[in-house]
Structures are given as C-alpha cells and as structure tokens.
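Structure, as structure tokens:
None of the values given here were measured: they were computed from a predicted structure.
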Amino acid sequence: MTDVLEDPDRETLESVIESEATDPATEEWTPLVVAFLCNWCSYEGAQTAGGARKTVPANVFPVRVMCSGRVDYDLVAKTLTDGADGILVLGCHEGDCHYKTGNYLTRKRHALFTAVLQGLGVHEDRVRLDWVSADEGERYATVTREMAARVRELGPLADGNSGPTTEVTADGD
Amino acid sequence: MTTHEMDLRGLDCPQPTLEIGVKASELDDGEVIVAEADCSTFPDDVRDWCEKTDSTLISLVEPEPGVYEAEIQL
Amino acid sequence: MISDLEVAVYLCESRGHVSDELELDAVVETISEHPNVTDVRTHELLCGPDGHDLLRSEIRENEPDRIVVGGGSLKDKRPGFETVLESAGMNPFLLQMVDLREQCSWVTDDPEATTEKACRLLRGGVERALHLEPLARETVAYDTGVLVYGESIAAIDAALQLAVADRQVYLVTEADSPGGLLVQKEFLYPKDQCAPCRAAPKLKELDQSDDVELIAPGQVTSVRGVAGNFEITIESEPRYVDSEACIPCDRCVDACPVSVPDEFEFELTDRAAIYEPFSGSIPGGYVIDEENCVRFDESPTDCTECADACPMDAVQYEETGTTREVTVGSAIVAPEAQPYDADRVHPTARDGQTDVYSNLEFERFFTESGPTNGAVELRDGTEPDSVAIVHCAGSRCEDHLSYCSGTCCLDALKLSRALLEAVPDCDVYQVFDDLVVPGREGEAYAQETFEMGATPVRWDLDHGDWIDLTVTDDGVTVAGTNRDGNPAELEVDAVVLAVGLEPGVVVDDLAETFDLERDERGFLTAEQPITSTAVARDGIYVAGPSAGPDGEHATLTQGISAVGEVLSRAVPGRDVELEPRRAVIDDELCTGCRICLETCPFDAIDRDDERGVAQLRDEVCQGCGACVSACPADAIDQRGFTTAQLEAEIDGVIEG
C-alpha cells in the first residue's frame, strides 16, 4: 500500500490534505470514512496520535476489532452501500500480527476485494488497506488525512451503488 | 481543585515516581498532579504508583517521542 | 426485544479533556433522543472512585440493560468499569465503551466538528450496545503434564525434577537413548570425575520412574494448542528389540553381517547394525539401525542372523512405529548440542588415517569399554611421545564458529591431565592464545595442569585458520605465529583439536514444530534470556546447550531453571481462563468445507468427521475473528464482536 498518493497535482492535494485536517466541514458534502482498527496495533496507534494531540480528520470514524483479519469484506461492502464514502482497514505491520497471520489474511482478502470493486465501478482508492503500529501516532494521523483527502477528491459514493469512475479534482469540481 | 505541574525530565527512574510520592504527601485527596518525565520506565512506574496509592491515572501520553506526561488525581 | 432494551449512557468529562473541547450539552441532548437511551449522565472523572461509586449505585437502582461509557483511555479503564458492573450485579460484557478523547476531542480542532463526531460515535456505541450479549468467564484446567524434548543433561535433569514433583513427563529424543555428550565423555571438569558414573544413576532413575514415559527414538511432529492445553503428537520409531527381554550378551552383534562406523565412538571403531547404544542406555537393550540393516535395504534380504542368535527371543522384526497424541500443559525443549566438525577445521582431522583428532574423539581412548579399551594409541597402535592439544580450533573466527563455546579450553586441559596420567612420558603441549577458564575452579585447574607437566605454547590467534597442520611421515607439524609475531612450529605425534559446540541437527525441525526463535548463530533462544527460559510461545521453555553452548553444570542448571518456571505456572488446581470473545460455530449452517480450519492461525478448529462440521477447540481460540470472515457459509461469529454488533455500530456512526 502506498503512503504517497499518486496524484498529478501534488501541491493541490497537499493543501487539501491540510485543509481536510483543520477544516473538514467546509463544503456541502462531507465525506464519511469508516476506519477498522485492530486492537493491538492500529488502535493503539490512534491512541498514540491522540496522546500526542495530532490532528485526525473529524470525518474518519474508528471501529475497533481485535484483528484486521476480522474485517469481513462483506461488511466492508455493506458499509459502503449504507453510506460510507471510504473505508480504511488498518492492521499490524508484516510479522507483527498479535494473532500471527491475521494481517496476512487481510492482505489477501483485500486484493480480491479490490478486483470486486473494479467490477462494480467503484474506485479502488475508496477502500484502503495499510499498516500502523502502536507507536506510529504520526503515521496514523497522516494516513487518515490522506484517506479523507482522497475520498473528498473522489466525491460522494452515490446512494446505494457505484460511485463516479472518473476522479473529482481537488478543488471540488 | 488545583493542578500541580511537575517537570521531572532528566531524572532517572525511580526518581520521578519518588518525587511524585513526596508531592502527593503534601496534597489532599482529589488534587491533580501533571508530571512530565523522560525515563523509559516511567509509564510502567507511574501506573504501578497509581495502583498502589489508589490514585486515578487520568491520562498518560507521549507528547514528544521519549517524553511522557501523566495526569493523576490523588 | 431490542426495542425494549434500556441503555444508560455515562459521559466522562475527563476533567475538561473531553468537555472543554465540545458542547457537552448538545451531545447529551442528541444522545438522549435515541429511543433506547433512558438516562444520560456526565461526570467530571468517571474513572475515579467517585465516578465508579456513582455508576455502581445507579446500576443497582435503575437496573439498565446496557451501559455505554464515553471517555478516554478505554482499554486501560475498561477492567475497572467491568468490576463496577460486576459488583452491581450486571454482566460486565454488557458494557460498551466509546472513545471521546484520544480519538475525538484530542485530535479534532473544531469544537463543532468534535461535537458532531462525539454524537456519531456515541450513537454507534449505543447501537452496538443493543446487540451485546452477556458472556461468561469460563476456565479450563491447566494441565500439569510436561513434554521434555532432548537427550542432553538439561533434559534428563528436567525430567527427573519434574518426576520429583509428581508430574507426568513425556521425555522424547531422536537419539536411541537420553545421555547426550555426557555419556560420550570419560571425565568431567572440575574434579576429573568419571562421567559415565554421573550419568548412570540418572538414567537408571529415569528408566524406573513411574512418572516419566520415555520415547526413544522418537520425534515430536506437531504441537497444537496453548499453554495449559497442548496437544502434542509424538511418533516413536521401532527399536526392533524387546528391551525387557534383552540381556546385552552381544551374540546378535557377533552374528550380524553388517559392519559400519560407530558414531558413538566417533568412528574410531565399527559396530554392527544391531547394537547397544552405550552401556547403561535406556530403555535397556539393543537397537536395530534401519539405515544399515540389510533387512531394510533397497533390495531387502530376509536376514535373520540376529534373531537366530538371540537366546532370549528378544528380536522383533515386526515392530512398527507408533503415533500418539498426548495432552500436556508445558513443554521444555533441551536438545543436545553437537561438536563442530573437526574436519572443517582441517581436512585430515578424523579421517581415520592421520593422528589428528577432535577433543571428544580423543577422549574415547580413555574409556575402558571404548575403541582401544582404555589405551592411548596412535593409528599405528603405538603410544604417542608427544601430543599437541590446540585450543580455539574452528572457534572465534569468521570462517567457522564466530563465538567461544566456553567449554573447550577446560576440556583441552582435562585431556592433558588424562594423557599425562595415562602416558607419563608423553610431551603434552597446550597450544592457545587465550585461556578461557572462568568460575571458581578454573584458574587453579589450569595452573595445576601446567604443574603436572603440560607445556603451555602461547601463540597468536589470527582470526581465520590459526594453525596449519602438515602431516609428515614422522607425525604432524603444527605451524603458527608466536606472540612475538614470528613463525613457530611444533612437531608432534598427534594433534587434538579442541572444537566448539553448535546447535544440534534436530534444532531446525524443532524450531519449526514448536515455533521457536533462533539467534543469528542458530541457537534456540528464550524471549528474555537473562531472566527466563520461556520462549515467545507461551508455555514453552528452552534449555541446554542448543540454547547456548556451555558445560555440563550450566546445562543442568538451565534444565532445572526451566522446571522452576514450569512448576510455578502449572500448579495443580490452577485454571486457565478461556478467551470470552472467542468464535462460535453454528452447526446447522456449517457445510464442512474446512476453510476455517486452514485459516485459523492457532489450529483451534477441528473437523468432526462424523457430523461433517467444524468444531471449535474452546481452550485454544484466541478470539482474532479470522475464521468469521473466512467462512463462506456465514456459519461462524465472534462473541463480543458479532457481525450484528459491528453492523449496528457502523450504522449508528453513519446515520448519526
């Protein structure tokens, strides 16, 4: 998974990321991102971010599970259809999974799900899998901000089914 | 309820919690101490201290890498 | 009925950390509007004693069906709140906690946004709470049985000590008998006492113990389960001889047509394909070596020489290996180390022709029952006039073993003493750079050895092959660099290379089977070696020379220390708590496809072949939920993290 978004207009994107962090509700539509956090790593990373008073977008909502392996992609699909515009699945770094192979399973499932998304005409960036360890508060903040910015850029996932397959530019067009 | 701040950075364990203990003995129940320390065992030590003295650890955060801040209600 | 459930919501202000960053009144008002919420309370510091008191008394008075607590540092505070619920007569799993601080007020700058986020998160919490179910804290007994793997003195003493504590022990080793390097030695530092005499009573005790079941030769092929409940599969290999009936009379040995180099004797002599591992080996009796016996060849013959020769009818060709599963609570892994191959140090070492030996090999000369019946003999049968014993052979250098094994210097000194006694006229040279003789007796032992007549030859260890050996018609020339930096030579009849120790050959397999970590040199390693013998996988301990090269005393001590840890953990009557948030399989929906079995990282799912469905091993399940998402039939759910609960939480957040 990439840290750096591939985007033709990096400067604009960076300013969106900044504005996402400080002023998320400036436009009529606020993207809603659900973030699945695993109890041992990414949830703790979010805690660390909190303790260090990092800025995390207000529209990223954490849902704790014990392991990213618990994240059922049926649930992910349902979350999208119920109204979320983006999903973050954050697990432990390779080799660190508290349950040994949970994150590895998630990686495989995620790859399959990405193919499904493409078939539905939903941009794969709407469902991002990444790894955050317990002491990576800064990283948690960055990943959530990147995700929120990206989802804003992609626009709202239309009611019920697939979202726009063309990218929405950062300035809101 | 007043908040008492303590800068215990630079002290090696177990000094930070000892200092907190000394300060606590001068204060009443319900008062709050906010202590900053940078020794690596401080998080464990301060948790133990709170448990032993029946104090409430309101928060324990790491504002900068290696520096810890504990907010304790006695 | 979910619609009837009453949810009481408690919001912790966290002394301003939460309440200062949002509009608390607005949050209270919003969440009060939820149809199931009957009560919303705020408190300055809910996790403090006052807050707990309030919660407790209100639960007793109002008897809500569910509790939602919003605040900070939830994972830390949760046990405290669970205790409050329990003391108020409520199941602690009917509590839902919502983080309003670290993941809300502390990370959001705008108060309006913070307020809205708090409202959504709380709504998610309330919706989830509606689907929470009471869960039980169940326990299962911590099995007091122990599996000990290994033939080293650490394994032997561990087994013996555990038997003293009346524990059921399964002692498994791939060797024909426990004993390890100890039984290949003749003398032991520091008193040069008889090594077999030290081993014999221990082996006898093991053999006679009712508490110790010995499986030798055998292998552990799988270790399933968790601390307190391991299911271990042991495969035993057939010995082909009835150990009770056998009276080691050697008639079968004499009759056997096969002759192969005897590894026990470091190939200084040969043995038959049927043999006694060593005098005093356990279980008693001989063993047939499948690898060399003609009955097991590629084109097997029906040779019955040994059976025909046996006066006790003890040979049983039809014996087969067995596979069994045992349940134990702990395992100690303590395999023997192996001596570094001297022929990697110098190609003529141990070639059977030149008088270049390894230290352990050379020690066999001193054994009455050994290859030379206790006489020190060169290859040509004569006594040596001069012997050079070279320290650090293949140790402390990049090309061979990078480390010091800590035992070879003492071993080298010990051999000098034995040699000086056996062949008083022999010139004995100790060739070394550093002399590693730690401990109380070390220095005195070394001094005494030199006083007895050993000649110290102090050369300069150059990292690499520090000595050169040239075999001549007269003997062996040892060449090196002396302390002045000049080339030096020594001509002797025989050279003994004191080599170090490496992890045993079986360590690779053991590490995989038991899930053990190794260090960069291949040694088994405890998770925190200075303070414990326990490895990362709970309930398993490592000890002995494959966990770090060392002499007998240290090895033995490690074995005992592992026993100490086992005994303090596996106390009869002490139970293990099952993970309350574990998986639950619905038999009716399960199609028996086995995907969950393959998915589970802990092997916690079995298949009930009779009913064709998956079956959870409750004592093993760790509550990760991987099987839940894997099941194509949606037949598995996770207590405390059910699909319904997660969906409800998500919907609550989305709908706000």
*Contacts with chain B made by residues 60-84 of chain C (heavy-atom distance under 4.5 Å), listed by residue number*: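 Interface residues of residues 60-84 of chain C: C/Asp76, C/Lys77.
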Hey, is [atom1] on [X] packed in by over 12 heavy atoms from elsewhere, all under 6.0 Å?
X	atom1	value
B/Glu51	CD	no
C/Glu138	CD	yes
C/Glu577	CD	yes

*Which atoms form the tightest heavy-atom contact between B/Thr56 and C/Gly48, and what is the distance?*
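Where B/Thr56 meets C/Gly48 most closely, the heavy atoms are OG1-CA, 3.4 Å.
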_Heavy-atom side-chain proximity of C/Cys47 to B/Ile58 below 4.5 angstrom_ =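 No, too far: nothing below the 4.5 Å cut-off.
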*Separation of B/Ser59 OG from C/Arg15 CZ (nearest 0.5 Å)*: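 With rounding to 0.5 Å, CZ (C/Arg15) is 10.0 Å from OG (B/Ser59).
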*How long is the gap from CG on C/Leu45 to CD on B/Glu71, to the nearest 0.5 Å?*
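Going from the CG atom of C/Leu45 to the CD atom of B/Glu71 covers 8.5 Å.
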